[in-house]
Q: 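My structure is below; once you've seen it, I'll send some questions.
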There are 2 protein chains.
Amino acid sequence: MANISSPIPEKTIERLSEYRRTLVKCHAQGITHIFSHVLAGMHGITAVQVRRDLMLIGFSSDTKKGYDVKVLIDFINGILYSEQPMNMAIIGMGHLGQAVTKYFNGKGLKLRITAAFDIDERKVGSTIDNIPCYHIDEFEERAAELDISIAIVSSPTSVASTLVLPIINAGIRGVLNFTSAPLNFPQGIIVENYDITTLLEKVAYFVKVAEENNN
Amino acid sequence: MANISSPIPEKTIERLSEYRRTLVKCHAQGITHIFSHVLAGMHGITAVQVRRDLMLIGFSSDTKKGYDVKVLIDFINGILYSEQPMNMAIIGMGHLGQAVTKYFNGKGLKLRITAAFDIDERKVGSTIDNIPCYHIDEFEERAAELDISIAIVSSPTSVASTLVLPIINAGIRGVLNFTSAPLNFPQGIIVENYDITTLLEKVAYFVKVAEENNN
DNA sequence: TTTTTTTGTATTATATATTTACAATCCCTC
DNA sequence: GAGGGATTGTAAATATATAATACAAAAAAA
């Protein structure tokens, strides 16, 4: 079990998620052991970085033949996931919502999307990608009833601010906000803002700077 | 014009993009001037942060009645955007590709999506959200011909690695990678990895930690 | 046994971000 | 138009986060 007193850096968590995926792929190919420098090479980073990340989560190997792939996968799972599966809901089952759902479908993760909410009458009451779709007005009661921990906001930006209160009231613990609206949640609710417009502008800016420096 | 010798931090660029959007909204409402602490409040940050960001891009106001909204918008535009509009292409016009396109359509930005690429025969040759869709095999020639600077990779993860070479050959300068595949591009090409699975796992992890600490 | 390889970890370095502090200037009110 | 308050611009200090260096210890291989 990870040490609660020493928080694991965000970047490390991101890399663990990536290592895990790579390891699962290796495991499927029958690879049983992997050296830190091999795993590092697959991600374009250094072996020390890998070892340090594993140190931070308290993982250690008693052999020098590389890490046992299966054991490491299970260990990372123990860090990233709770004992109990965690349920997520998508608010806004448009293109983005469906894309996110597809990314998770059938992955067999402890993390799963179990409900969708929308206002489109054609969607409400139906099932999209095996996920039942409810009307957004039902969010508070349904989310509580279905034990939803995380809300993925993929609605239009214009309505995002109206979702803040229902999300709080439903007892949601974490929010992934894809809209451009800066949502203000009280402390205690983890919010990750993931605004695609901002991201693209950032890439464009650095491309622009790189071009200017070449001239 | 921004000073090339002093690179602007990534976080500042992100905030500038956010300020800009807020300012545009204010401008539309007829607000002509805005104080640093008001702008800060709208984003849940401090006034010093706002002023420092503006300092970094060389903006200064000669008045104490707050910043001139219109002037500031134009100044930020000058930082974020090139003189010439920058063209972007979407590779993989599935749900995610269409969602991204919708986010940009009609925004009138200097940054615009002008082409899509896919393998689906129903999409190739047609127009989706006013964007012409070509076959991925044509990517190299089309991208060069259409003066594409940025590629948005929203294809399935499984085919992402096959796109690396065409992207390099087409002279693409920046890549926004939505897939889980760690794409290795040569130095000089700006890559932003934006893996949704990793992101959700990160949110879930911090929710899990918060819950554990509450017990 | 000796050499090589690999791991685990402390320390150092670097980069980035934010806050504090304060002088300078403008605006408003009296 | 003078004083007080508000606002801006910026230097400096602090804090935070991240990655690189260095090296001891242990296992594996020769």
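Just so it is clear: chains get the letters A, B, ... in the order the sequence lines come, proteins before strands, and each one is counted from 1.
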Q: Examine Tyr81(B) together with Tyr205(A) and report whether their ring centres are nearer than 6.0 Å.
A: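 Ring centroids of Tyr81(B) and Tyr205(A) are no less than 6.0 Å from each other.
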Q: Heavy atoms of chain B, cut-off under 4.0 Å: which first and last nucleotide of DNA chain C, 5' to 3', fall inside that, if you could look?
A: dA17(C) to dC27(C)
Q: Measure CD1/Ile57(B) against P/dT10(D) and give the value in whole Å, please.
A: 12 Å
Q: Dump the intermediate steps for side chain to side chain contact (heavy atoms under 4.5 Å, CB included) on Leu54(B) and Ile57(B), then the final yes or no.
A: CA-CA 5 Å; Leu54(B) 298 186; Ile57(B) 61 173; 4.2 Å; yes
Q: Scan residues 37-52 of chain B against DNA chain C and write down, sorted by residue number, each residue with any heavy atom closer than 4.0 Å; if none is found, say none.
A: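 Those residues are Thr46(B), Val48(B), Gln49(B), Arg52(B).
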Q: Rounding to an integer number of Å, can you tell me how far Asp53(A) CG sits from dA17(D) C1'?
A: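 From Asp53(A) CG to dA17(D) C1': 13 Å.
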Q: Quick check, are the ring centers of Phe59(B) and Tyr67(B) under 6.0 angstrom apart?
A: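 Close enough - the centres of the two rings lie under 6.0 Å apart.
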Q: Do Thr12(A) and Asp53(A) get their side chains close enough for a donor-acceptor pair, meaning under 3.5 Å?
A: yes
Q: Start with the C-alpha gap between Glu192(B) and Glu10(B), add the side-chain angles, then the distance that decides, and say whether side chain to side chain contact (heavy atoms under 4.5 Å, CB included) holds.
A: CA-CA 12 Å; Glu192(B) 190 84 14; Glu10(B) 228 174 290; 4.1 Å; yes
Q: Which part of the nucleic acid does Thr63(A) contact within heavy-atom distance under 4.0 Å: base, sugar-phosphate only, or nothing?
A: sugar-phosphate
Q: Rounded to the nearest Å, what distance is computed from the CG atom of residue Leu56(A) to the P atom of nucleotide dA17(D)?
A: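 Result: 13 Å.
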Q: Checking all strands, does Ser36(B) fall into the base, sugar-phosphate, or nothing category for heavy-atom contacts under 4.0 angstrom?
A: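 Ser36(B): backbone/sugar contact only, no base atoms under 4.0 Å.
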Q: Identify the residue among Ile150(A), Val175(A), Ile13(A) that makes a side chain to side chain contact (heavy atoms under 4.5 Å, CB included) with Val203(B).
A: Ile150(A)
Q: For Leu16(A) and dT18(D), what is the distance between atoms CG and C1' respectively, to the nearest whole Å?
A: 15 Å
Q: Is the shortest side-chain N to carboxylate O distance from Glu201(A) to Arg20(B) below 4.0 Å?
A: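 Answer for the salt bridge query: yes.
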Q: Find the distance Lys64(B):NZ to dT7(D):C1' and express it as a whole number of Å.
A: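 Nearest whole value for this atom pair: 5 Å.
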Q: Can you tell whether the side chains of Arg142(B) and Glu145(B) come within less than 4.0 Å, N to carboxylate O?
A: yes
Q: Relative to the 5' end of DNA chain D, which residue comes earlier, Lys65(A) or Gly66(B), by the nucleotide with the nearest heavy atom?
A: Gly66(B)
Q: Would you say the side chains of Thr101(A) and Asp129(A) form a donor-acceptor pair under 3.5 Å?
A: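 No, no side-chain donor-acceptor contact under 3.5 Å.
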Q: Could you state the CZ-C1' distance from Arg15(A) to dA19(D), rounded to the nearest angstrom?
A: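 These atoms are roughly 8 Å apart.
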